[in-house]
Amino acid sequence: MSTGNFLYGVAMLLFLIGFYTVLARPSLIKKIIGINIMETSVFLFLISVGSRRGGSAPIILSGVKDYVNPLPQVVVLMAMVIAVGTTALALSMAVKIFESSGAGERRG
Amino acid sequence: MSAPIFTYLPVLLVFIPIILGMLIFLVQKEGVRIFLALLASLIGFGGLSWMWPTISKGLVLATRPIFLAPEIFLYFRVDALGLLFALVSALLWIFTVIFTVKYMEKESFKGRFWGFLTLAVASGIGVTLAGNLITLFFFFEMLTVFTYPLVIHGETGAAMAAGRKYFLYLFVGEALLLFSVVFTIFLGGTVFDKVGMLPTTQSPNLLRFLLFTFVLGFGVKAAIFPLHRWLPEAAIAPTPVTALLHADAVVNVGIFGLIRVIYNVFGPELIQSLGMDGLLIWVATVTMIFGSVIALRQDDLKRRLAYSTVAHISYTLLGAAVLSASGLVGALIHLVSHAFMKVSLFFCAGAIDRGTGKKRVSELGGMGYRQPLVMVAFTVASLGLIGVPPTLGFLSKWYLWMGPLEAQQSIFLGALILSTLLCAFYLLPITYRAFFKHAEGPVERQRTSWFYLLPIFVGAVGGLLLGVFPKPFLILARVVSESFLGG
Amino acid sequence: MEKHFLILTVTVPLATATLIPLLSIRWERAGFWLASLALLFSFGSALILVGGVLVDGRIAYHVGGWAPPWGIEIFLDWVGAFFLLLASSLSLAVAIFSRIYVEQNLEASKIPLFYVLLLLLAGGMIGFILAGDIFNMFIFFEIFSLSSYALVAISGGLESLKASFRYLLMGTISSLFVLLGIGLLYSLTGTLYMPLLAQELGVLPYSGAIRAATALILVAFGIEAALFPLHVWLPGAHSLAPSPVSALLSGLVIKMGVYGMIKVLFYILGGRGSSEIGALFSLMAATAIIVGALFALRENDIKLIFAHSSVSQIGYVILGIYLFSYFGLAGGLLQVLNHALAKSALFLCAGVVISQAGFRRLEDLRGIGRRMPFLMVFFTIALASLASLPFTCGFASKYYLCKGAIERGEFWLAGIVLLGSFLTLLYCVKIVNYIFFATPAVGRGGGERSYPEVSPWMMVPIGVLGFGSLLVGIFPGLSFILIKPAVLGLLGMVR
Amino acid sequence: MSLIYFLVPFLLVIAVATVFTRDLLAAVIIFSAYSLIMAVVWQQLGAPVLALAEVAIGAGVTVVLFVVAVCRTTREEKV
Amino acid sequence: MKKLGAIFLLSLCGLFLLAAVTSLPRMGDPENPTNSLVVPRYLEKGLRETGCRNTVTAILLSYRGYDTMMEMVVLFTALAAALAILGRESLETCCETFVLPSLLVRMVVVIFVPLFLAFALYVITHGFTTSGGGFQGGVIVATTVIIYTLVFGLDEMVKRISPGVRMVLESSAILSFMLVGLLGIALGGNFLITTTPTLGLSDFLRRAILLLLEVSIGLASGAVIISLFCLLKKVERG
């Protein structure tokens with residue numbers, strides 16, 4: 001594996017770890033954490049696709065010639081918003097499932 | 001084949017009874033329902049007999065194709081073969097309506113029964129008038145769909161079980177048939193105008209596979225040997241259903257499909273070159289023998305008649321599969337005679353069941369004195385079925401026996417003779433028991449109403465009269481054999 | 001001028017959805033009226049747009065005035081028009097149906113939210129159909145997925161919550177697969193605009209990355225379309241959701257998965273690698289048909305039967321698409337239309353029966369056909385076209401699928417299609433037996449109790465759907481006005 | 001760019017740690033560390049916009065939502 | 001058993017993904033298609049066309065404004081979905097037994113909350129030149145309000161920011177996008193054209209519209225996240 005695509009490999013590894021959590025861990029909250037790990041790994045992959053050696057942040061300043069690719073950053077920012085939405089929804093479902101399946105011992 | 005004459009009559013003939021049938025469901029009063037059903041049957045018979053003169057001269061009536069979707073179009077084409085089958089069904093339909101009026105008096109859900117009966121027979125006629133494979137399949141499947149509620153009309157456990165078996169056999173056949181229809185259309189032909197519409201360039205194995213699926217598809221309805229088990233079960237249904245549908249409309253449609261396949265889709269030369277006519281003949285023979293033997297042992301009257309239907313339908317198959325001119329004529333005439341006789345036999349069974357509640361052959365002792373008229377008709381019809389000279393049955397046997405001789409397969413002649421004898425063995429004892437055995441209980445003469453007697457005598461006497469003046473159906477049969485085998 | 005309707009069809013429902021919570025504080029029927037008006041507007045503009053497509057084949061609209069690869073373009077062509085008409089008409093019918101249903105079955109506080117989510121679902125689907133840019137498609141995919149998770153769980157029972165959570169997990173994983181696929185495609189080509197992407201991909205050799213990207217996105221849309229091994233979430237979600245919602249889910253949302261697959265296979269890939277993908281997916285579709293039908297036969301809860309039957313019917317659609325031939329695609333699209341109309345009518349009827357009579361199991365529904373005759377006529381029409389009897393749209397789609405399969409020489413596929421439709425017929429007759437040909441068990445709820453009058457609000461949508469499936473059934477040719485050019489257009493894209 | 005080679009092993013270790021801890025509250029806390037490190041990785045890859053968003057969302061909102069959810073359900077994970 | 005199945009499936013999927021990833025073009029070198037096809041125009045003309053020095057905000061608001069509008073719809077859907085499941089906290093929240101933390105904590109929070117809000121406002125409004133943006137600012141506003149709620153209790157916060165206000169804010173972003181879009185159509189261009197120079201609007205008016213959008217995104221996302229937090233924080237009575 002060429003060292004250049006090192007970050008892609010890390011992203012895929014994180015994706016698998018997250019996927020494993022969702023598949024194998026029984027607790028609903030742990031599954032949601034797993035989903036978040038998968039999401040961040042996909043974002044890492046998207047950003048590393050758009051990265052550029054020696055490129056600086058996409059804020060146009062005089063004198064700076066080559067910039068990092070801004071399009072993946074837009075995609076990832078929107079996907080992060082979606083990730084927050086999905087996590088909040090999943091958490092509220094998990095809470096409602098727990099509470100309507102018989103109130104276990106619950107501290108205030 | 002001369003160019004078809006354009007007409008819209010067949011479309012009206014099929015769709016008006018269907019619309020009337022649907023109207024029956026909405027009508028609440030019993031009188032109006034009977035009127036609608038009778039009107040539908042009269043329209044059917046009237047229209048068909050109006051077409052008889054032109055068709056008997058060898059011409060063909062056809063409509064313009066109505067395109068429902070690309071490649072799916074309704075096309076009606078009335079030729080001699082179609083008209084013969086339709087005429088038989090339509091004629092017997094009228095008398096079944098008369099029989100059902102009395103028979104259904106005490107039954108419940110009459111509206112549903114009348115509606116589905118009309119729809120079923122109308123789609124039966126639709127199959128015979130179909131001009132292309134798609135329309136044939138459309139009405140073929142509608143016939144099965146509309147007959148299913150009739151079979152389970154009683155809503156008892158046994159009726160439901162019979163319905164399930166009926167459903168399983170016929171709809172598997174349906175699926176196979178659609179496969180073969182789509183395959184044929186893919187290979188080339190769709191409209192029944194030429195004798196053989198498949199390109200002979202195809203590999204023989206593929207064509208043999210196609211014919212095999214066709215035979216299975218239509219065979220289920222024609223109750224050939226391994227696929228016949230649904231017919232005796234359906235004997236549980238009310239008598240008009242078993243009489244008209246299972247002795248005449250449904251089973252004839254199966255055989256009609258097979259004849260269309262043998263002569264229109266494949267054509268006699270291709271069948272012979274594939275060597276498949278041997279298979280068909282063997283299937284027919286086995287069903288004949290098997291049906292008659294089992295009929296012997298059946299004690300329930302209706303089940304015995306059902307098994308005899310299984311046997312007799314294969315007479316027609318044998319006649320058609322022998323691929324000889326007189327064999328085909330004999331097959332068609334036999335079909336007509338069997339329809340008339342078997343319908344009247346079933347009506348007699350229904351009358352006896354309604355009159356005295358006797359269902360089993362062993363209980364029929366002394367029935368000749370209880371319902372003399374019914375038993376006389378029963379005897380006449382049985383003789384007609386066996387093929388005693390003056391009746392139409394004899395004429396059909398005569399041509400049927402000539403068929404194998406012409407086609408040099410004389411050993412099947414023996415099978416024909418054997419099954420005719422067996423037919424005698426399972427029908428004549430009933431007459432003997434009815435007239436010469438004394439009944440256990442008191443014997444008082446019962447008056448069976450005219451609604452029963454009229455259809456019964458039409459069937460029995462019709463067989464006799466047609467035997468003497470066979471002109472209407474004989475001409476049609478000859479036209480068919482000329483058009484298919486160039487006799 | 002009518003180009004603006006393209007963007008308004010999407011934005012009007014979504015904007016009205018945001019208005020509903022504000023207005024429903026004072027005017028408590030706001031939810032229903034706003035939702036119906038917005039969907040009526042979308043349906044009207046869908047008709048205008050389809051008219052435009054009939055005239056000039058493809059309408060495009062540059063949102064924000066930027067040219068495509070830089071800005072976002074939304075376009076409507078033949079395939080889109082077919083799905084758009086289906087989506088807007090069905091959502092309108094379900095919205096109108098759910099007025100009485102929702103008042104009878106949901107708490108008062110959740111009714112405005114039901115309509116908000118319904119509008120978001122409809123707007124999300126319409127946006128998904130029109131999207132010209134893959135990432136835009138992904139965002140609309142998220143919108144209608146999130147709203148369908150919530151709509152499944154809105155009735156609040158524990159079982160429906162669990163089913164909806166499973167649906168959410170699988171949906172989120174499928175959306176992550178799509179995002180990963182988009183990332184791979186972007187790294188290979190550098191653009192998100194589909195036509196340019198397809199052009200760039202065409203130049204590249206068919207490397208592992210393209211195969212991975214396609215596999216990821218097709219699997220994701222396979223989860224959404226509940227294709228066989230990925231369908232685990234569907235039976236629970238569709239049967240426990242409120243009936244109008246399961247009508248929309250079965251009728252439309254799984255079709256969006258199919259639309260996504262079409263977009264990827266034809267628009268982006270141009271049919272490349274179709275041989276290996278086709279073989280795998282038609283195998284999955286074939287198993288879906290048989291297994292879905294067998295499971296449906298085993299159940300006796302009426303909505304569970306229809307849910308499993310959706311799994312099997314979707315198998316037909318995907319089988320049709322992966323044949324990559326004229327008749328295969330025509331059969332697939334026709335099956336989409338047939339299943340959408342028939343299944344939503346069936347679910348709506350089941351909804352009426354369950355909310356009026358309170359029974360879900362078949363044994364309790366004995367002889368109900370005689371007490372609700374008018375409703376049951378449409379129920380039978382829908383069952384007939386589901387079972388693909390003659391003179392129904394189902395027959396035409398089954399015919400074309402068989403023809404397509406035989407044309408490619410795969411007789412076993414034609415056999416599977418016929419066996420599947422036989423099994424479908426089995427469970428349809430099983431239902432008909434219970435509804436029409438069984439006398440109500442005396443012990444249950446006083447047999448002959450006449451049910452309260454079915455309100456016209458519920459009957460009209462069912463009537464329209466039933467009449468629509470009858471009309472398309474007798475003359476499938478009508479739908480070919482859209483299907484024929486759509487299929488020819490798709491085949492034209494296959495290089 | 002070189003900082004990433006230093007941070008990435010941390011990321012993997014923390015991810016595995018979050019998966020296999022049985023106490024949910026601990027898992028959530030470790031997860032907030034995970035997002036912080038991810039924020040630094042974004043910054044290193046030249047995406048300050050995302051770094052700010054990741055910090056705000058990861059450390060700010062998501063973790064708080066998780067903690068509140070864990071308080072309303074059980075803390076121990078049944079294996 | 002489930003674990004083994006999961007591990008097997010994952011290793012299969014992992015191998016497949018890693019193989020695919022290795023055949024991708026090298027990460028970070030300038031000749032990649034990602035750096036040569038669409039993006040150069042954003043970088044060269046971005047500043048002139050949208051007046052935003054930060055290209056990410058330029059793309060977010062102007063080039064792909066439609067996506068941002070739909071992103072806000074996603075947030076709104078997530079909130080509506082969570083409400084459908086948990087039900088909005090009742091206006092008179094329960095008097096849960098809430099113990100005020102020590103004076104020191106309260107003093108620190110009282111001092112810092114206005115500072116954080118000022119910082120958040122800065123982040124929202126300076127999205128054009130610095131690496132900020134509506135959405136990040138909104139989240140920071142939400143986080144500050146959450147800190148305030150944790151310290152002073154839900155009742156205190158609800159008195160300050162009532163559910164009614166939050167409901168209006170939540171829908172404000174989508175409605176403002178809608179208005180800007182319809183304004184674009186009214187002026188004869190396409191939907192959302194007002195965020196682009198093509199229509200000849202004065203430079204100042206265009207920047208004002210972009211700022212309006214930026215602020216509405218910030219407030220809306222803040223309100224949504226606060227409502228989501230209240231939903232989960234609400235303690236079931238009894």
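Every chain is numbered from 1, with letters handed out A, B, ... down the list of sequences. Worth saying up front: this structure is predicted, and the values here are computed from it rather than measured.
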Original post:
Is the closest side-chain heavy-atom distance between E:L37 and C:P69 below 4.5 Å?
Top reply: no
Original post:
Is it the side chain or the backbone of C:L117 that comes within 4.5 Å of chain E heavy atoms, both, or neither?
Top reply: side chain
Original post:
Does the side chain of E:N190 reach to within under 4.5 Å of the side chain of C:H4, using non-hydrogen atoms?
Top reply: yes
Original post:
Do any N or O atoms from the side chain of C:T9 and from the backbone of C:L6 form a donor-acceptor pair under 3.5 angstrom?
Top reply: yes
**OP:** Mind ranking E:V73, E:V74, E:D67 by heavy-atom pairs under 4.5 Å with chain C and telling me who comes out on top?
**Re:** E:D67
Original post:
What part of E:A80 is in contact with chain C, defined as an atom under 4.5 angstrom from a non-hydrogen atom: side chain, backbone, both or neither?
Top reply: both
Subject >> Which portion of C:V12 sits near chain E, non-hydrogen atoms under 4.5 angstrom >> reply: both
Subject >> Region of C:L120 that comes under 4.5 Å of a non-hydrogen atom in chain E >> reply: side chain
Original post:
Is it the side chain or the backbone of C:I74 that comes within 4.5 Å of chain E heavy atoms, both, or neither?
Top reply: side chain
Original post:
Can you tell which of C:I72, C:L22, C:L146 has the highest number of heavy-atom pairs within less than 4.5 Å of chain E?
Top reply: C:I72
Original post:
Does E:E214 use its side chain to pair, donor to acceptor, with the backbone of E:T125 at less than 3.5 Å?
Top reply: no
Subject >> Heavy-atom contact with chain E under 4.5 Å, split by part of C:I210 >> reply: neither
**OP:** Please flag which part of C:T11 lies under 4.5 Å from any non-hydrogen atom of chain E: side chain, backbone, both or neither.
**Re:** both
Original post:
Which region of C:F114, side chain (C-beta onward) or backbone (N, CA, C, O), has a non-hydrogen atom less than 4.5 Å from a non-hydrogen atom of chain E, or is it both or neither?
Top reply: neither
Original post:
Can you tell me if E:T68 uses its side chain to pair, donor with acceptor, with the backbone of E:L60 under 3.5 Å?
Top reply: yes
**OP:** With a 4.5 angstrom heavy-atom cut-off, could you sort out which part of E:L17 is near chain C: side chain, backbone, both or neither?
**Re:** side chain
Original post:
At a heavy-atom separation under 4.5 Å, does C:L106 approach chain E through its side chain, its backbone, both, or neither?
Top reply: neither
Subject >> chain E contact via C:A213 - side chain, backbone, both or neither, heavy atoms under 4.5 Å >> reply: neither
Original post:
Hey, what's the ring geometry for C:Y167 with C:Y149, parallel, tilted or perpendicular (30° and 60° as the breaks)?
Top reply: perpendicular
Subject >> Which of E:Y42, E:F191, E:F177 touches chain C most, by non-hydrogen pairs under 4.5 Å >> reply: E:F191
Subject >> Largest heavy-atom contact set with chain E, pairs under 4.5 Å, which of C:A150, C:G71, C:A209, C:S147 >> reply: C:A209
Original post:
Do E:F135 and E:L75 come within less than 4.5 Å of each other through their side chains, counting heavy atoms only?
Top reply: yes
Original post:
Under 3.5 Å, is there a donor-acceptor pair between the side chain of E:S62 and the main chain of E:I59?
Top reply: no
Subject >> Contact origin within E:I174 toward chain C - heavy atom pairs under 4.5 Å >> reply: side chain
**OP:** Could you tell me how the ring of C:F144 sits relative to the ring of C:F128: parallel (under 30°), tilted (30 to 60°) or perpendicular (over 60°)?
**Re:** perpendicular
Original post:
Based on non-hydrogen pairs under 4.5 Å, which of C:W70, C:Y61, C:F135 is most in contact with chain E?
Top reply: C:W70
Original post:
For the side chain of E:T57 and the backbone of E:G127, is there at least one donor-acceptor N/O pair under 3.5 Å apart?
Top reply: yes
**OP:** Please determine, among C:H62, C:E107, C:E142, the option with the most heavy-atom pairs under 4.5 Å with chain E.
**Re:** C:H62
Original post:
E:M70 versus chain C, heavy atoms under 4.5 Å apart: side chain, backbone, both or neither?
Top reply: both
Original post:
Quick one: of C:L14, C:I154, C:I25, who has the most non-hydrogen atom pairs under 4.5 Å with chain E?
Top reply: C:L14
**OP:** Could you have a look at C:L19, C:D133, C:V116 and say which one has the most heavy-atom pairs with chain E under 4.5 angstrom?
**Re:** C:D133
**OP:** Check the side chains of C:E200 and C:T191 for a donor-acceptor pair under 3.5 angstrom, ignoring hydrogens and angles.
**Re:** no
Subject >> Residues E:R41 and E:E49 bridged, charged N to O under 4.0 Å >> reply: yes
Original post:
Does E:A58 offer a backbone N or O that forms a donor-acceptor pair with the side chain of E:T55 under 3.5 Å?
Top reply: no
